[in-house]
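Reviewing the structure listed below.
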Amino acid sequence: MKQLKQLTCIIEREDNGYVSLCPQIDIASQGDSVEEARKNLIEAIELFFEMASPQEILTRMYSEIYVTQIEVAIG
């Protein structure tokens with residue numbers, strides 16, 4: 001039985017498509033829609049966990065990720 005792990009996903013529009021990123025393990029993917037970018041990122045992450053050694057997973061896994069907004073002065 002596969003274990004489920006909750007990870008952070010950031011998706012942003014880029015040109016005519018969308019880029020998705022999981023900052024906790026620094027894996028990115030893309031798609032023509034938000035849902036496709038999300039689905040492709042899940043597939044890339046699952047492949048990473050299947051292929052990576054336990055040491056590589058530990059090395060790349062960040063334990064704390066914070067997603068927030070900041071306010072900066074411009075001009």
Side-chain angles (χ1 to χ4, degrees):
M1 182 176 201
K2 291 188 177 186
Q3 174 185 344
L4 295 177
K5 180 155 187 67
Q6 201 160 52
L7 298 169
T8 302
C9 174
I10 299 167
I11 300 175
E12 65 179 321
R13 186 163 185 80
E14 188 174 284
D15 298 323
N16 293 329
Y18 294 86
V19 174
S20 51
L21 170 70
C22 176
Q24 287 156 301
I25 51 178
D26 198 26
I27 291 181
S29 192
Q30 61 185 10
D32 292 331
S33 66
V34 170
E35 187 53 39
E36 183 179 7
R38 182 181 174 280
K39 183 178 131 281
N40 290 344
L41 182 61
I42 291 169
E43 185 177 306
I45 291 169
E46 288 176 344
L47 185 60
F48 167 73
F49 280 113
E50 284 177 24
M51 304 302 290
S53 69
Q55 181 60 38
E56 183 178 4
I57 292 170
L58 284 175
T59 301
R60 290 183 61 170
M61 184 71 83
Y62 298 107
S63 62
E64 293 186 39
I65 297 290
Y66 302 99
V67 178
T68 186
Q69 293 185 335
I70 59 172
E71 188 172 304
V72 298
I74 299 174

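One finds the CD1 atom of I11 at 12.5 Å from the CD atom of Q30 (value rounded to the nearest 0.5 Å). Between atom CG of residue L41 and atom CZ of residue R38 there is a gap of 9.0 Å, rounded to the nearest 0.5 Å. In this structure, CG on D26 lies 6.5 Å from CG on L21, to the nearest 0.5 angstrom. Rounding to the nearest 0.5 angstrom, the gap separating the CZ atom in F48 from the CE atom in M61 is 7.0 Å. Separation of atoms CZ (F49) and CD (Q3) is listed at 9.0 Å; rounding is to 0.5 Å. From C9, atom SG reaches atom CD1 of I27 across 11.5 Å, with rounding to the nearest 0.5 Å.
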Quick one, Q24 with K5, criterion side-chain contact (heavy atoms from CB on, under 4.5 Å). Give me CA distance, side-chain angles, the key distance, then yes/no.
CA-CA 12 Å; Q24 287 156 301; K5 180 155 187 67; over 6 Å; no

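Contact of the S20 side chain with the N40 side chain is not registered, since no non-hydrogen atoms from C-beta on lie closer than 4.5 Å.
Few gaps surround CD on E56; more than 12 heavy atoms of other groups in view lie less than 6.0 Å from it.
Nearest heavy atom pair, residue A52 against residue I57, reads CB-CG1, 3.8 Å. Nearest approach of T8 to P23, heavy atoms of both residues: O-CD, 3.5 Å.
Salt bridge status for E36 with K39: absent, with no side-chain N to carboxylate O gap under 4.0 Å.
Note on I70 and I10: separate hydrophobic clusters, where clusters join Ile, Leu, Val, Met, Phe, Trp and Tyr whose side-chain heavy atoms are under 4.5 Å apart, directly or indirectly.
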